[in-house]
There are 2 protein chains.
Amino acid sequence: MKNNNILQLLMQYTKEGTQFTDKKQRIVLAAIELFAKKGYANTATSEIAKEAGVAEGTIFRHFGTKENLLLAILIPFIKHSLPQMADAIFEEVLAEKPKTIEEFVRALATERFMFFKENRDLFRIFIKEMIYHDELKNELISHISEHALSRIEQIIQDFQEKGEVIDIPAKILSRNIFTTLLGFFLSRFVLMSDNVFLDDQREIDYIVQIIVNGIKQ
Amino acid sequence: MKNNNILQLLMQYTKEGTQFTDKKQRIVLAAIELFAKKGYANTATSEIAKEAGVAEGTIFRHFGTKENLLLAILIPFIKHSLPQMADAIFEEVLAEKPKTIEEFVRALATERFMFFKENRDLFRIFIKEMIYHDELKNELISHISEHALSRIEQIIQDFQEKGEVIDIPAKILSRNIFTTLLGFFLSRFVLMSDNVFLDDQREIDYIVQIIVNGIKQ
DNA sequence: CTCCTGAGTGAGTGATTACTCACTTTTATA
DNA sequence: TATAAAAGTGAGTAATCACTCACTCAGGAG
């Protein structure tokens, strides 16, 4: 997994449809930064324009509405970048043929940790905004189910058949692994200050240890 | 623990300082409902007034600003109700003298589950708003540390001395237990639809099982 | 070179919203 | 009962903000 930066994927993706001018790029960058920092509702389009070094009207020329700017950031993230990255992560994790459930969980936790660390701003925007956007929420849940949870579930089942993992329904297990990692990442990257935590590797080690001990036979 | 409803505690608390008139009460109720449903930024004071059945100016008569209305809901929640409930929960849990780490985790998870279930709206408002209110966030972190994490840490240490819990620093363990439960509650009450989940008791059982298996010797 | 189209501009606009304030009503006290 | 203070009202205001639109500029095609 060479590239964890979702913005580059976002631009790569949108380049297939529309020309991504330098100004449009700067608008998106400024919006991501300001939305993450101040929240969508507390960020004025005039601020975004100023930060991007463009006229305010340029934002509307490219995106139509402020809401569309937000969606232009979040929808491709959900629909393409997240699934693409999920596919890539699972390919990479599975390419190494994890011999134990621990190897799998560790690889998953590590890759996801790096992903959220690198895309912290998008993560923050996301958490804040999707609570009140049911379409966004449903899109995300659907894609998480399809691209991540079902994969985890499959792998859990494999390890259960090998007798390596306890006999809780794989669907429940995969969901609980997911929510456990989610709680950890949220605390680490959104809710708490950086100085509360140890170095990344040790934090990952600890959470992986607890998860793995919790689910192995 | 008889009363999980934070609003009643909120009113009990504020009754000590100022008279809590019927209208003021209705304003708070309406605000909690609308903030939770639509978000603070998307809720107009005119809507709150209408919902509460008061004139818009009455809100400002009681609370001064819209921001103060939000803080009037959230600050007592952080400063008094949460700690009070944390104290009460730990007293109750400890009054029963948990013999095993499993008893402790189960009691903690169950009480907290019920708490968040009953105060889902406040939880939602909280998660959404505290991301961008550093004072709120710091208040909360400080109170969580003082009233919850240090308690959990103490108990973990006791069980570690009995050889019942693995040898990870108690501080780390208590934090990871906290983030694991947080991820679970967030998914259950804020991020996902109700129909994804099983009945409450089974969900609690599963997450407790994983946590306990993960940390016991 | 001219013309056309698309990108970009920024002053201005209309809508929305938090809040004010002059006034009315209610409550408590003497 | 009268008076003063507190609670409540809602029309109106100032500020903010998303957005418009008449215009300019740049680039490409013929």
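Residue numbering restarts at 1 for every chain, and letters A, B, ... go by the order of the sequence lines.
- Every residue meeting the side chain to side chain contact (heavy atoms under 4.5 Å, CB included) condition with A:Thr45, not counting sequence neighbours, appears here in chain and number order: A:Glu56, A:Ile59, A:Phe60, A:Lys66.
- Ring centers of B:Phe113 and B:Phe189: under 6.0 Å apart, within the cut-off.
- Summarising the geometry, the separation between CD1 on B:Ile59 and P on D:dA7 is reported as 16 Å, rounded to the nearest angstrom.
- In this structure A:Tyr206 satisfies the ring pair (Phe, Tyr, Trp, His ring centres under 6.0 Å) test with no other residue, sequence neighbours excluded.
- Distance B:Phe63 CZ to C:dT20 C1': 18 Å, rounded to the nearest Å.
- Residue A:His62 places no side-chain N or O under 4.0 Å from the OP1 or OP2 atom of C:dG6.
- What separates CG of B:Asn42 from P of C:dT17 is a distance of 9 Å, to the nearest Å.
- Here C:dA18 presents its P atom at 15 Å from NZ of B:Lys50, a figure rounded to the nearest Å.
- Looking at residues two or more places apart in sequence or on another chain, you find no side-chain hydrogen bond (donor to acceptor under 3.5 Å, both in side chains) involving A:His143.
- Rounded to whole Å, the distance from NZ on A:Lys23 to P on D:dA26 is 10 Å.
- Nucleotide D:dC21 holds its P atom 14 Å from the CZ atom of A:Arg61, rounded to whole Å.
- Annotation: ring-ring contact (aromatic ring centres under 6.0 Å, His included) contacts involving residues 35-57 of chain B, sequence neighbours excluded, comprise B:Phe35-B:Tyr40.
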Report all interatomic pairs (protein N or O, nucleotide N or O of nucleotides 18-20 of chain D) with separations under 3.5 Å.
| residue | atom | partner | partner atom | Å |
| --- | --- | --- | --- | --- |
| D:dA18 | OP1 | A:Thr43 | O | 3.4 |
| D:dA18 | OP1 | A:Lys66 | NZ | 2.7 |
| D:dA18 | OP2 | A:Thr45 | N | 2.7 |
| D:dA18 | OP2 | A:Thr45 | OG1 | 2.9 |
| D:dC19 | OP2 | A:Lys66 | N | 2.5 |
| D:dC19 | N4 | A:Glu56 | OE1 | 3.4 |
| D:dC19 | N4 | A:Glu56 | OE2 | 3.3 |

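- Note: CG (A:Leu34) to P (D:dC17) measures 13 Å, nearest angstrom.
- B:Phe184 meets the ring pair (Phe, Tyr, Trp, His ring centres under 6.0 Å) test with no other residue; sequence neighbours excluded.
- Regarding contacts with the backbone of D:dA7, every side-chain N or O of B:Lys24 stays at 4.0 angstrom or more from both OP1 and OP2.
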